[in-house]
Amino acid sequence: MKRTHHCNELRSEHIGQTVTLTGWVHSKRDLGGVNFIDIRDREGRTQTVFDPQDVPQAICDVAAGLHSESVIEVTGKVRQRPAGTNNDKIPTGQVEVLATELTVLNQAAVLPFVIDDPEVAAKVNEEMRLKYRYLDLRRPEMLRNMRLRSKVAIATRSYMDEQGFLEIETPTLFKSTPEGAREFLVPNRREPGTFYALPQSPQQFKQILMVAGVEKYFQLARCYRDEDLRADRQPEFTQVDIEMSFIEREDIYALIEGLLKRVWKAALDMDIPTPFKRLTFEEALNRFGIDKPDTRFGFELVDMTEDFKGSSFKVFSGAVASGGVVKAMNAKGLACVTQGQMETMTDYAKSFGAKGLAYIKVESGEWKSPIVKFFSDAEKEALKTKLQIEEGDLILFAADQWLTACEILGKIRLYIAEVLQKTGKLTIDPKRFDFLWVVDFPLLSFDKEQNRWYSSHHPFTSPVAEDIPKLVSEPKAVRGQHYDIVVNGVELGGGSIRIHQPDVQKTVFEQVLQIPPEETQSRFGYMLEAFKYGAPPHGGIALGFDRMIATLCGTPSIRDVIAFPKTAKGTDLMTDAPSVATARQLKDLRLEVKAAPPKDQS
RNA sequence: GGGGGCGUAGCUCAAUUGGUUAGAGCGCUGCCCUGUCACGGCAGAGGUUACGGGUUCGAGCCCCGCCGCUCCCGCCA
């Protein structure tokens with residue numbers, strides 16, 4: 001190509017030069033005689049002029065017939081724009097290119113949707129944007145996201161390299177380990193009836209790399225999980241996967257704080273303060289009702305258990321009597337909620353397992369509530385003091401087992417913040433990033449349905465050393481050496497110090513998680529084996545790369561930061577994947593499909 | 001697996017309580033226009049109201065089903 005400059009390059013100092021630009025027809029203004037065409041490439045845009053007084057009519061005619069988004073090559077002389085016609089909106093607005101030659105490299109058909117007007121384009125249905133992803137990605141907003149993603153990937157690599165880490169790739173055709181997330185299976189043609197699985201993460205390989213003496217590993221790893229999707233979940237996604245040997249939790253905190261500092265600087269030119277705050281799991285739940293608190297606004301939860309344990313309001317005292325708690329939250333200034341909004345909130349709370357949502361509205365100096373008549377003066381006084389109740393407040397309650405009560409109010413807290421933001425009563429600075437570590441998670445959680453303990457994080461998480469004796473006798477009390485990194489209520493990542501002693505690992509698998517020994521052997525035998533031959537103490541972390549980019553870009557959906565994302569049902573609207581396999585393919589794999597073929601949709 | 005929202009012209013949206021020929025802006029086509037940059041002006045084309053049933057004298061609107069997109073719960077060690 002003869003391109004001499006990109007479309008965001010020409011300035012006054014180029015006046016007089018003959019240049020060639022290539023790019024897309026961004027917009028066209030045909031004034032009957034003179035014709036202006038803004039040519040755009042990924043860097044920006046430049047105005048070109050087709051004036052019949054200066055160029056042959058034939059060229060002007062071709063220019064006049066161009067559709068938006070056609071690809072052209074324009075050669076001409078850079079000149080100062082006539083006085084009063086500068087365009088301050090674009091950096092090249094001082095000059096224009098007087099075209100002398102025009103080549104149409106690709107005449108574009110009429111577009112399915114406009115992409116030159118950012119406001120209109122931003123409203124286009126996502127279905128349309130996904131089907132014509134190549135058009136959507138041409139929008140400057142999307143291009144910016146892709147650029148930022150690239151910058152962050154490179155900053156990550158350079159930081160990790162400086163810290164002495166090796167970037168090592170691990171297989172994506174892996175062994176099926178049917179625990180945790182559902183896996184994508186890949187049939188093995190060489191031995192029909194056997195399957196690979198796509199890894200949910202490189203967890204086991206990175207630990208093996210530690211046994212292999214790598215000491216410091218990282219990878220921008222693609223991970224696959226066949227679970228239902230959300231705005232922040234895709235069936236395939238990218239993790240910044242990290243593992244180190246001979247370290248403790250503090251080493252990981254310092255490493256990641258340094259990495260995020262570098263990333264925020266590279267992406268947003270922001271200096272984020274370190275070290276980050278730390279919250280225990282218990283404190284996070286107690287104050288915010290969630291293990292990934294958004295600390296950019298108040299409405300913290302308050303414990304009222306002691307004050308209501310003897311209450312004549314049986315819903316509260318009953319909950320305490322059966323080992324539960326009473327939690328309250330002051331939604332400052334929200335007494336104005338309508339009955340309808342209150343019902344919506346109650347339904348919302350019920351969807352998380354609440355039996356109801358008790359409340360007090362403080363209006364005209366009065367406590368308006370169906371339950372306040374059951375409260376003693378002492379109870380009212382306790383509420384007033386602990387919750388700092390004032391005129392116009394709305395108090396919400398949850399009385400249940402500790403975790404449930406906290407989580408219900410935690411969800412309501414987020415819901416309220418969202419409502420207040422929409423109505424403009426709460427403003428959060430978009431440039432504010434509240435980082436924090438959540439630590440001291442319980443190693444195990446109990447599954448009531450299956451009547452057994454399962455790993456809160458994963459079965460390789462090391463218990464806090466002094467808790468190891470309690471593994472079998474008192475599983476509930478064992479703390480894990482697990483940590484999560486959280487920003488603005490988004491779980492950016494999590495990790496742990498791992499178990500490196502085969503006997504402890506075996507105890508966890510067989511005695512705590514009660515996986516039968518033969519199953520342990522077939523699924524994790526190679527790890528237990530590897531740990532026999534000199535496994536260093538090690539630990540690591542994985543950061544959700546897509547979520548991190550989405551946070552940096554200020555978008556709630558990771559689809560906006562993935563070039564070719566899938567829909568909520570896991571389909572690719574551009575290529576129409578997944579699709580049926582041919583009879584020949586199935587025969588090779590010795591697979592028979594029993595499901596009815598999908599219905600054609602119109 | 002469950003719940004909510006949406007689906008009307010190429011795009012974004014209207015369409016009173018179920019009532020005449022389903023409208024607007026942008027885009028598109030044609031004509032006019034020599035300094036625009038969201039250029040402007042005139043004219044025009046464009047609809048199986050996602051799809052399939054039903055109720056009704058009459059359905060974009062009500063009911064049932066179905067497909068797609070989306071948000072949430074479950075799920076995501």
Side-chain angles (χ1 to χ4, degrees), chain A residues 26-38 45-54 60 64 67-68 81-90 92-93 96 98 109-132 135 177-183 200-201 203-204 223-235 237 344 347-353 411 414-415 418 443-445 447 449 453-461 480 482 491 494 496 508 513 515 544 556-557 559 566-569 571 573 598-602:
Chain A
H26 183 76
S27 65
K28 195 178 70 174
R29 294 170 295 282
D30 184 350
L31 274 65
V34 69
N35 200 335
F36 299 96
I37 290 179
D38 281 2
R45 59 188 220 248
T46 303
Q47 174 165 280
T48 62
V49 191
F50 293 81
D51 191 330
Q53 291 177 350
D54 295 295
C60 289
H67 275 146
S68 277
R81 290 189 182 204
T85 64
N86 288 358
N87 184 354
D88 296 333
K89 290 180 193 167
I90 54 174
T92 59
E96 61 189 10
L98 180 65
V110 174
L111 302 175
F113 55 90
V114 300
I115 63 173
D116 61 341
D117 185 326
E119 281 182 35
V120 176
K123 286 169 75 179
V124 172
N125 197 313
E126 194 167 5
E127 201 172 341
M128 195 61 60
R129 293 173 49 204
L130 289 174
K131 184 171 176 186
Y132 299 96
L135 294 179
T177 55
E179 176 125 356
R182 196 177 293 120
E183 301 165 319
Q200 304 162 30
S201 78
Q203 182 63 36
Q204 294 176 43
C223 307
Y224 306 86
R225 292 178 192 174
D226 187 11
E227 294 291 348
D228 290 336
L229 306 179
R230 290 281 199 287
D232 62 351
R233 283 189 227 157
Q234 283 274 301
F237 61 98
T344 307
D347 289 344
Y348 189 61
K350 281 181 181 168
S351 75
F352 305 118
K411 302 265 192 183
L414 293 178
Y415 176 79
E418 200 179 305
L443 183 72
L444 300 156
S445 307
D447 184 336
E449 282 175 25
W453 293 94
Y454 63 95
S455 301
S456 305
H457 183 44
H458 61 50
F460 314 111
T461 304
H482 171 53
E491 185 192 326
S496 62
V508 168
L513 302 178
I515 302 172
S557 167
R559 289 188 300 271
K566 292 181 175 54
T567 68
K569 286 205 173 149
T571 62
L573 295 179
K599 283 176 195 164
D600 280 340
Q601 86 245 3
S602 51

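Side chains are part of it too, since the values below use all heavy atoms of this structure and drop only hydrogens, waters and symmetry mates. So that the names make sense, note that chain A is the first sequence line, chain B the second, and so on, each numbered from 1.
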*Determine: side-chain N/O of A:T571 to OP1/OP2 of B:C69, distance under 4.0 Å, yes or no.*
yes
*asked:* Does B:C73 have OP1 or OP2 under 4.0 Å away from a side-chain N or O of A:R230?
replied: yes
Select base, sugar-phosphate, or nothing to describe what [X] touches, counting heavy atoms under 4.0 Å on all strands.
{"X": "A:I90", "answer": "nothing"}
{"X": "A:V124", "answer": "sugar-phosphate"}
{"X": "A:R559", "answer": "sugar-phosphate"}
{"X": "A:N86", "answer": "base"}
{"X": "A:D30", "answer": "base"}
{"X": "A:E491", "answer": "nothing"}
{"X": "A:Q47", "answer": "base"}

*From the list B:G68, B:G74, B:C73, which nucleotide is the closest neighbour of the side chain of A:K411?*
B:C73
*Nearest-angstrom distance, C1' atom, B:C51 to B:G41*: 42 Å
*Checking A:Q200 side chain against A:A181 main chain: does a donor-acceptor pair fall under 3.5 Å?*
yes
_Would you say that more than 12 heavy atoms from the other residues, nucleotides or ligands in this model lie under 6.0 Å from the NZ of A:K131, or not?_
no
*Position toward the 5' end of RNA chain B (nearest nucleotide), A:D51 or A:D38*: A:D51
*Could you tell me which nucleotide pairs with B:C66 by Watson-Crick or G-U wobble geometry, both distances under 3.5 Å, or answer none if nothing does?*
none
*Under 5.5 Å between ring centres and under 30° between planes: does that hold for A:F36 against the base of B:U36?*
yes
